[in-house]
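Here is the naming used below: chain letters follow the sequence lines, and residue numbers restart at 1 for every chain.
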Protein chains: 2
Amino acid sequence: MKKDKHAVLSILRDKILSGALQQGDRLAEIPTAELLGVSRTPVRIAFRALEQEGLLTKLPRRGYQVRQITNDEIAGSVEVRGVLEGLAVRQIVEKDLAPGLTDTLRHCLQAGDELFAERSFNEAKVQAYVEINRQFHDCLVKGSQNNAIAMALQINEHLPMASVNALVFNPEQTEREYERLYYAHQQHHAIVQAITAGQGARAEALMKEHAQAALNSYEQLSASGVSKTIRSE
Amino acid sequence: MKKDKHAVLSILRDKILSGALQQGDRLAEIPTAELLGVSRTPVRIAFRALEQEGLLTKLPRRGYQVRQITNDEIAGSVEVRGVLEGLAVRQIVEKDLAPGLTDTLRHCLQAGDELFAERSFNEAKVQAYVEINRQFHDCLVKGSQNNAIAMALQINEHLPMASVNALVFNPEQTEREYERLYYAHQQHHAIVQAITAGQGARAEALMKEHAQAALNSYEQLSASGVSKTIRSE
DNA sequence: ATTGTTAACATTGGATCCAATTTGAAGGTG
DNA sequence: CACCTTCAAATTGGATCCAATGTTAACAAT
């Protein structure tokens with residue numbers, strides 16, 4: 001049983017995000033190490049990393065605890081993502097465009113257009129869109145040439161529901177979901193248009209609104225209870 | 001020789017920030033452990049934490065390296081801090097004011113007023129102002145009731161010069177330094193005024209500008225070469 | 001002289017062992 | 001009966017040991 005370098009960290013993170021470890025569950029080093037079949041050392045390192053990511057909180061002498069993630073906190077994370085990605089696109093406009101950025105953006109737009117060409121959606125296509133969406137946001141952040149933005153986003157990206165890599169999806173209303181994601185994709189078009197036109201403030205505002213829109217749909221869906229989470233990677 | 005919990009992490013961080021470890025220096029676990037008189041385990045944990053903070057980069061099989069922090073990166077960090085703290089003050093206005101927040105803010109303003117009462121500045125007073133400044137920014141971030149902001153800022157706070165906890169100071173021009181810091185303090189007044197008046201957008205804009213102003217003075221001072229860094233804690 | 005192979009070295013990753021500290025309970029005492 | 005004391009169990013933090021792997025240098029062969 002060969003373990004990868006970051007296997008312990010990834011396994012624990014997935015267990016938390018997938019709900020295998022419920023919010024509030026206490027985690028001690030020794031039981032976790034035995035559960036995963038490894039020693040305490042990688043578990044300790046993983047616990048500290050997960051604490052840094054905000055998924056675990058440290059209880060003084062009683063181990064770690066899976067952190068409560070409230071809806072308010074998700075809303076806050078989305079807001080943070082909005083301003084940071086907004087800053088990214090503004091700085092893209094303010095600086096010289098990184099080479100290849102417009103190509104990647106155009107590619108994302110076109111791939112999305114093809115996906116939305118026929119007016120129907122299933123889970124596989126949502127999965128594909130999540131990947132396109134991830135690439136779109138990723139290249140904007142990288143394109144800002146401001147590494148601090150990526151670093152600040154890094155923590156939020158690990159939080160469930162606040163990340164670009166996670167989309168909620170209601171399998172019972174594919175029609176409506178098509179509309180929702182198509183609207184998001186149209187926002188992508190508008191953002192690229194603003195960037196290429198040198199409209200930094202408009203691009204920034206669109207980006208903030210784009211994040212907010214994702215939040216609104218999350219709130220609607222999570223309230224209905226029939227949502228399904230689709231994550232990339 | 002009793003070592004604190006986070007002593008190793010703090011010592012290494014200080015060595016990097018103070019310049020005792022030059023940019024580009026390579027760090028291996030064993031020599032570092034011997035240097036600090038501890039075992040490899042805490043050093044390993046500290047290295048990973050410092051990597052997460054962006055102060056070290058991992059070289060595949062050749063240990064860690066003190067990361068190059070360019071001026072562009074500092075500028076980027078300051079920009080990030082601006083939008084995040086701007087978001088914080090906007091959300092303070094949008095939400096119900098946290099109890100005690102206005103008291104703390106007023107206290108910071110008053111303490112600063114007293115510090116600036118006589119038109120002279122020395123290093124001790126700068127130190128005092130750094131602490132007031134830290135408290136001011138800290139309670140705004142906390143007052144936003146959005147933990148994601150604090151988490152996103154956390155990484156940037158460890159970068160030299162991008163943090164509120166670090167101020168550059170030119171000891172040869174105390175007159176001018178008085179003016180500079182007094183200007184920053186007046187911005188604090190304006191921010192509090194905007195918050196209490198419910199002017200969210202104005203507060204946000206002021207906060208962004210406030211961060212930017214600190215950057216401008218840093219660029220001037222670091223170019224002159226006679227600056228001195230004063231950090232809190 | 002250059003290049004390929006091999007062996008020693010350096011370095012990290014994981015496992016286990018030891019120490020310190022706190023929690024919790026149980027028992028004794030006022 | 002309540003409260004204080006003390007001891008044991010649990011748990012984390014640090015140290016050392018072992019394994020795996022990559023890097024470098026030396027040496028030999030062409």
Can you name the atoms? Protein N/O to nucleotides 8-11 of chain C N/O, anything below 3.5 Å, with the distance.
| unit_1 | atom_1 | unit_2 | atom_2 | d |
| --- | --- | --- | --- | --- |
| C:dT11 | O2 | B:Arg61 | NH1 | 3.4 |

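No side-chain donor-acceptor contact under 3.5 Å links A:His185 and A:Asn133.
Within the structure, salt bridge (Lys or Arg N to Asp or Glu O under 4.0 Å) contacts touching residues 136-152 of chain B (residues at least two apart or in different chains) are B:Asp138-B:Lys142. Listed by first and then second residue, the ring-ring contact (aromatic ring centres under 6.0 Å, His included) pairs that reach into residues 68-108 of chain A come to none, sequence neighbours excluded. Residues in residues 38-85 of chain A take part in these ring-ring contact (aromatic ring centres under 6.0 Å, His included) pairs, two or more places apart or across chains: A:Phe47-A:Tyr64. Applying the side-chain hydrogen bond (donor to acceptor under 3.5 Å, both in side chains) test to pairs two or more places apart or on separate chains, those with a residue in residues 18-34 of chain A are A:Glu29-A:Arg40.
Shown here are the side chain to side chain contact (heavy atoms under 4.5 Å, CB included) partners of B:Val93, two or more places apart in sequence or in another chain: B:Ile195. Listed by chain and residue number, A:Cys108, A:Ala111, A:Leu115 satisfy the side chain to side chain contact (heavy atoms under 4.5 Å, CB included) test with A:Ile132 (two or more places apart in sequence, or in another chain). Looking at residues two or more places apart in sequence or on another chain, you find a side-chain hydrogen bond (donor to acceptor under 3.5 Å, both in side chains) between A:Gln52 and B:Gln154.
Atom pair B:Leu27:CG and C:dT12:C1' shows a separation of 14 Å (rounding to whole Å applied). Rounded to an integer number of Å, the gap from OH of B:Tyr64 to C1' of C:dG13 is 11 Å. Rounded to whole Å, the distance from CD on A:Glu34 to P on D:dA10 is 12 Å. Atom CG of B:Leu59 and atom C1' of D:dT23 are 13 Å apart (whole Å).
For C:dG14, the OP1/OP2 oxygens have no side-chain nitrogen or oxygen of A:Ser39 closer than 4.0 Å.
In the region residues 41-52 of chain A, proximity to DNA chain C at under 4.0 angstrom, judged on heavy atoms, holds for A:Thr41, A:Pro42.
Ranking D:dG13, C:dT12, C:dA15 by closeness to the A:Lys58 side chain, first place goes to D:dG13.
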